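One structure below.
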Amino acid sequence: MTNVHGSERLPVGRVLPVVVLDDARHADPLGDALVKGGLTAVEVTLRTAAGLDAIAALAARGDLTVGAGTVLTVEQAERAIGAGARFVVTPGFAPAVVRACQQAGVPVVPGAATATEIQMALDAGLNVVKFFPAQQLGGAAMIKALAAPFRDVRFIPTGGITAAVIADYLALPAVLAVGASWMVAADLIAAEQWDEITARTREALAAAGGAV
């Protein structure tokens, strides 16, 4: 299957939790909380030194599809894939990272905030992009506008999204999934409030119409 059909190769479900972990020891109980809440995939960002170890720990579980987020360099992409990441997400369009992931046979979702960046993704053989930061860039209305000329592109909006607006995004045919961090907020993880994370996860899925 080619990289053009990225939406078919990206098993992220409809709600994708975007996680920042400061301590890799929290990875396993976080995984328990997410699975208990009904999720099947998670994006772990490389914003902290614990990111790679957390990806490895979550990938080893076998019950979650784990991706690496905030990937800025080819080295980070390679290390994340080596740790078990099954997809890679970048905040902007990074040609070298995209090529490295394609060569490794791993789906990559580049960040795209403009028509030009979406065109670059298409030129690279991709049809799934991360729309970031979604709320700040105009939200669902902006995606609807961008989707009109780019009819084959699927979007994963991320940034500032809460349960209140998930349904607005997922109502758009162009939206593949919604990335969100409020249900896995750093303060909840630091305080080890796993039950609250499970509750917020269920709330997110309910707002998404129950789709995982």
Side-chain angles (χ1 to χ4, degrees), residues 9-91 97 100-101 104-111 130 132-133 156-163 166 176-206 208 211-212:
R9 301 180 61 235
L10 198 65
V12 297
R14 294 286 272 166
V15 177
L16 178 63
V18 180
V19 178
V20 179
L21 281 168
D22 291 309
D23 188 340
R25 291 177 297 179
H26 286 150
D28 200 43
L30 173 64
D32 289 340
L34 294 175
V35 171
K36 187 177 179 181
L39 290 183
T40 59
V42 58
E43 174 188 330
V44 178
T45 71
L46 299 187
R47 298 184 185 186
T48 68
L52 287 171
D53 287 340
I55 288 171
L58 288 166
R61 295 170 55 93
D63 55 0
L64 283 168
T65 299
V66 185
T70 319
V71 177
L72 305 178
T73 67
V74 170
E75 180 186 5
Q76 285 184 324
E78 292 173 343
R79 294 180 68 186
I81 293 168
R86 289 182 55 195
F87 62 93
V88 169
V89 183
T90 64
V97 174
C101 292
V106 174
V108 57
V109 182
K130 171 182 178 177
F132 173 82
I156 301 179
T158 306
I161 295 175
T162 65
I166 276 185
L176 174 67
V178 170
S181 58
W182 96 90
M183 64 270 209
V184 287
D187 59 337
L188 295 179
I189 294 173
E192 300 184 353
Q193 295 185 22
W194 311 123
D195 288 344
E196 176 63 18
I197 289 173
T198 294
R200 292 192 185 189
T201 297
R202 289 173 174 161
E203 179 187 10
L205 288 178
V212 297

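Positions are given from 1 along the sequence. The shown structure was predicted, so the numbers you read here are calculated from the model rather than taken from an experiment.
With hydrogens and angles ignored, the 3.5 Å screen pairs a side-chain donor or acceptor of Arg14 with a backbone N or O of Leu176. Judged purely by atom type and a 3.5 angstrom limit, Thr45 has no side-chain atom pairing as donor or acceptor with the backbone of Gly69. Between the side chain of Arg61 and the backbone N or O of Asp28 there is at least one donor-acceptor pair closer than 3.5 Å.
Considering only heavy atoms from C-beta on, Trp194 comes within 4.5 Å of Ile189 through its side chain. Between Pro91 and Leu72, the closest side-chain pair of non-hydrogen atoms falls below 4.5 Å. When side chains are defined from C-beta on, Thr65 does not count as touching Val12, because their heavy atoms never get closer than 4.5 Å.
Identified under the salt bridge (charged side-chain N to carboxylate O under 4.0 Å, His left out) test for residues 180-197, with sequence neighbours left out: Glu196-Arg200. Applying the side-chain hydrogen bond (donor to acceptor under 3.5 Å, both in side chains) definition to pairs two or more places apart or across chains, those involving residues 46-60 are Arg47-Thr70. Within the structure, ring pair (Phe, Tyr, Trp, His ring centres under 6.0 Å) contacts touching residues 29-79 (residues at least two apart or in different chains) do not occur.
One finds the CG atom of Leu39 at 5.0 Å from the CG atom of Leu205 (value rounded to the nearest 0.5 Å). For the atom pair Asp23 CG and His26 NE2, the distance stands at 5.0 Å (nearest 0.5 Å). In this structure, NZ on Lys36 lies 6.0 Å from CZ on Arg202, to the nearest 0.5 angstrom. In this structure, OG1 on Thr90 lies 11.5 Å from CG on Leu46, to the nearest 0.5 angstrom. Expressed to the nearest 0.5 Å, how far CD1 of Ile55 lies from CD1 of Ile81 amounts to 10.0 Å. To the nearest 0.5 Å, the span separating CG on Leu16 from CD on Glu43 amounts to 5.5 Å.
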Would Ile156 and Val89 count as a side chain to side chain contact (heavy atoms under 4.5 Å, CB included) if you check the C-alpha gap in whole Å, the side-chain angles of each, and the deciding distance to 0.1 Å? CA-CA 10 Å; Ile156 301 179; Val89 183; over 6 Å; no

Worked verdict on Gln193 versus Ile197 for side chain to side chain contact (heavy atoms under 4.5 Å, CB included): CA-CA 7 Å; Gln193 295 185 22; Ile197 289 173; 5.6 Å; no

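The two residues Leu64 and Gly31 make their nearest non-hydrogen contact at CD1-CA, 3.8 Å. Taking every heavy atom of both residues into account, Pro11 and Ala41 meet most closely at O-CB, 3.7 Å. The two atoms that bring Val109 and Lys130 nearest to each other are CG1-N, 3.4 Å, heavy atoms only. Among all heavy-atom pairs drawn from Ile161 and Gly179, the shortest one is CD1-O, 3.8 Å. Looking at every heavy atom in both residues, Val184 comes nearest to Val18 through CG2-O, 3.4 Å. When all heavy atoms of Ala24 and Ala54 are compared, the pair lying nearest together is CB-N, 4.0 Å.
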